[in-house]
Every structure is written in structure tokens, then in C-alpha cells.
Amino acid sequence: MLKLWQKKVVITGKSAILLGTIMMEAIGILLLYCAINPPECFDFLKENINRLIYGIFGSLLIWKGIKNAFLQRK
């Protein structure tokens, strides 16, 4: 059973870039959504400074994901 978890999966090439971009965009959108409309289960998002931090990090992740998608690679 443990040998199943020790198997390494390596993703390279365009599929790795696409997967990384999709993950960055999804996390950024989730952070922005939580900053704008915080769920009831996250009590720490009731304070304005935490919502501001979530909004900044969410927008930066979305921006970096867009830059990563259109970056010229050699």
C-alpha cells in the first residue's frame, strides 16, 4: 500500500504550463470570491484587513497566471 504513494508523477512541457496556469487562476478566483463575499464558516474574513489581503493575493495570482500563459519560452 505504501509503494503506491511513493510513485512519483512528473508532468513536463505544455501540459505542465497549462495545468499550472489553470491552478493559479482557480486559486486566484477563489481568493477574490472569498474577499468580496466571505462565507459564513470563515470568521477571520469578517475583518477588513484580511479581506484586503485575500483580494490582493487573489488578483496577483490571476495576473501571474495570465502572464504565465502568454510568456514567450525558448
Side-chain angles (χ1 to χ4, degrees):
M1 196 78 154
L2 285 176
K3 292 189 178 191
L4 253 171
W5 292 105
Q6 292 175 356
K7 188 182 272 188
K8 293 183 180 179
V9 177
V10 179
I11 302 172
T12 58
K14 290 191 178 203
S15 61
I17 295 168
L18 182 65
L19 184 63
T21 303
I22 290 171
M23 288 176 57
M24 286 176 69
E25 297 293 329
I27 293 171
I29 289 171
L30 177 70
L31 287 175
L32 271 180
Y33 175 76
C34 287
I36 293 170
N37 187 12
E40 293 292 325
C41 59
F42 294 148
D43 290 334
F44 57 90
L45 285 178
K46 300 299 180 202
E47 301 171 12
N48 287 335
I49 188 71
N50 291 338
R51 292 173 71 179
L52 181 66
I53 292 169
Y54 264 48
I56 290 171
F57 280 123
S59 61
L60 281 176
L61 274 176
I62 291 173
W63 175 248
K64 292 290 184 176
I66 291 171
K67 278 181 61 176
N68 191 23
F70 295 110
L71 182 67
Q72 296 289 329
R73 290 182 179 78
K74 293 181 180 179

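Note: hydrogens, waters and symmetry copies are ignored here, and every other heavy atom, side chains too, is used. Given the structure is predicted, the values throughout are model-derived calculations rather than measurements.
- Atom CE of residue M24 and atom CD1 of residue I62 lie 10.0 Å apart, to the nearest 0.5 angstrom.
- Each of L30, L32, I27 was compared with L61 under the side-chain contact (heavy atoms from CB on, under 4.5 Å) criterion, and only I27 meets it.
- In this structure, CD1 in I49 is found 13.5 Å from OH in Y54, a value given to the nearest 0.5 Å.
- Contact record, T21 with A69: CG2-CB, 3.9 Å, taken as the closest heavy-atom pair.
- The two atoms that bring C34 and P39 nearest to each other are SG-CD, 4.1 Å, heavy atoms only.
- Expressed to the nearest 0.5 Å, how far CE of M23 lies from CG of N68 amounts to 12.0 Å.
- For the atom pair CG of L31 and CD1 of I56, the computed distance is 12.0 Å after rounding to the nearest 0.5 Å.
- Residues I36 and R51 have side chains not in contact (no heavy-atom distance under 4.5 Å, counting atoms from C-beta outward).
- Residue-environment remark: NZ (K46) exceeds the threshold of 12 foreign heavy atoms within 6.0 Å.
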